[in-house]
Amino acid sequence: MNPISLHPLDLAIAASLVVVDILLSVFLRLGLHRQLLISAGRMVLQLTAVGYVLRYVFALDSPAATGAIVLVMILVAAYEVAARPSRKLRGGNFLVSIPTVAGATVLTSVFALVTAIRPAPWFDPHYAIPLVGIILGSVLNAGSISLGGILDGVTGAQASIEARLMLGERWRVAIGPLVRQSIRRGMVPVLNQMIAAGIITLPGIMTGQILAGLDPVEAVKYQVLLMFLLSGGSCLAAIGTAYGAASLLTDGRERLRLDRLTGPK
Amino acid sequence: MTLSIEGLRNALVGPFDLRVEAGRCTAIVGASGSGKSLFLRMVADLDVNEGAVSLAGDDRAAISAPAWRRRVGLVPAQPGWWGESVAEHFDADLRTRAAELADALRLPADIFARQIFQLSTGERQRLGLIRAMLADPDVLLLDEPTGSLDPEATLAVEALLRERLEAGVVAIVVTHDTAQAARLAHTVLRMEAGRLAPL
């Protein structure tokens, strides 16, 4: 089966649904029409730009260009992870988000590229960039939820953490319940994704491959591989952000340092 | 064994200089917000501080923070709880000793079978004291230990503290009750604007 190529007119017909949404928003006074218009416009511009950038980078076939794209993607995701919690670390949430997002994404992506997918060369941009993009999505979710769990929850947990410190317990033990709770929360999106896959939803990658003409069973293999990678990346990101933030909120004398937090409680 | 504090300070309070010998109790009175609780937290090394603190000649800076806090037990006015049930906050091996202390502090026999949310403020306060005492610290830092207690329970806490003092424990007690300070303490100090002065 050959993929059915989409023409601008096909996209214009689909865009009529957004126009209908906008009309309904005006008619029902939902106040969403401006937001819909901006969001849809931004989405078209962003994806079109990405399409052309990727086409250019694929044509270059240069490890440096691929690395630069991956670096930009990681930095944008790290910014999002840092920005989500309402409370910030003095010095910036970047202290936690950059190493965690970069570490989780690079480890998971390289692992998949050199073991399961094995393109030649292993950093082939056709495989490396989309793979990093998909993994970053999950890493972003897990990292931001887990980081928010620590930064937004530690003030409320001060009494329980310090109760253990007062009894001579190590900071890792004292802050352990909050860290574990934050990691569990960070893992919820990917767990839901795996549970729902195939029953409640057909995952986007698999659907895209089937629409592009790939055999459904082959598409499923790719989806299963990706789900495992997303699970691995999410777990690393949730653990990294939680322990990273927890370690920055304690000091060498095993004190809880809430003075290192800023922003609204 | 002597608790020695020299030049203890942070950005808000101090410097403090204090020596408390084994078996002696120092009470600190003073207005709310004057820095009493902060002082106890600094001695326990829970807040950032400067200065020299030692116990029986052992410099605090040379001891790990957890090891220091096992020797210097702080009981805050409102103890914290990390679990749902009372039982999970007490070592199963020390349950008999905990039950004896609970009985001495007029707590009901079934207290260890309860959930934390079922406890009154006074029950929580006394359980916090028991939890700290089970670690057998050399120093007890008590922040308003009877602030939520009726007179009978207050006398029970004071009797238990006297028992520990006779066993050689060093105690610093923050209280708003000057009569209690007179009953318990060998020295009473007043905290005013972040400095300690004789009453």
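By convention in this document, chain letters (A, B, ...) are assigned in the order of the sequence lines, proteins followed by strands, and residues within each chain are numbered from 1.
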Undergrad: Counting heavy atoms not belonging to Phe94(A), are there more than 12 under 6.0 Å from its CZ?
TA: yes

Undergrad: Contact between Asn49(B) and Arg253(A) at the side-chain level, heavy atoms closer than 4.5 Å - yes or no?
TA: no

Undergrad: Might you point out which heavy atoms bring Trp81(B) and Ser160(A) nearest each other, and give the distance in Å?
TA: O-CB, 3.2 Å

Undergrad: Relative to chain A, which segment of Ala61(B) carries a heavy atom at a distance below 4.5 Å: side chain, backbone, both, or neither?
TA: backbone

Undergrad: Please identify, among Arg170(A), Arg257(A), Glu254(A), the residue contributing the most non-hydrogen atom pairs under 4.5 Å to chain B.
TA: Glu254(A)

Undergrad: Under a 4.5 Å heavy-atom cut-off, does chain A meet the side chain of Arg71(B), its backbone, both or neither?
TA: neither

Undergrad: Which value, rounded to the nearest 0.5 Å, describes the distance between Arg70(B) atom CZ and Glu169(A) atom CD?
TA: 9.0 Å

Undergrad: When only pairs under 4.5 Å are counted, which of Pro66(B), Pro137(B), Ala44(B), Gly80(B) shares the most heavy-atom pairs with chain A?
TA: Pro66(B)

Undergrad: Looking at Glu158(B), I'd like to know if its CD atom is crowded, meaning that more than 12 non-hydrogen atoms belonging to other residues, nucleotides or ligands lie closer than 6.0 Å.
TA: yes

Undergrad: For the CG atom of Leu46(B) and the CD1 atom of Ile161(A), what is their distance to the nearest 0.5 Å?
TA: 12.0 Å

Undergrad: Is it the backbone or the side chain of Val48(B) that comes under 4.5 Å from a heavy atom of chain A, or both, or neither?
TA: both

Undergrad: With a sphere of 6.0 Å drawn around CD of Glu50(B), does it hold more than 12 non-hydrogen atoms of other residues, nucleotides or ligands?
TA: no

Undergrad: For the pair Glu162(A) and Arg41(B), find out whether any cationic side-chain nitrogen is under 4.0 Å from an anionic carboxylate oxygen.
TA: yes

Undergrad: Given heavy-atom pairs under 4.5 angstrom as the criterion, report whether the side chain, backbone, both or neither of Ile116(B) touches chain A.
TA: neither

Undergrad: Any chance CD of Glu88(B) has more than 12 other-residue heavy atoms, nucleotides or ligands included, within less than 6.0 Å?
TA: yes

Undergrad: How about CD on Gln35(A), more than 12 heavy atoms from neighbouring residues, nucleotides or ligands closer than 6.0 Å, or not?
TA: no

Undergrad: Take atom CZ of Phe112(B) as the centre, draw a 6.0 Å sphere, and report whether it contains more than 12 heavy atoms from other residues, nucleotides or ligands.
TA: yes

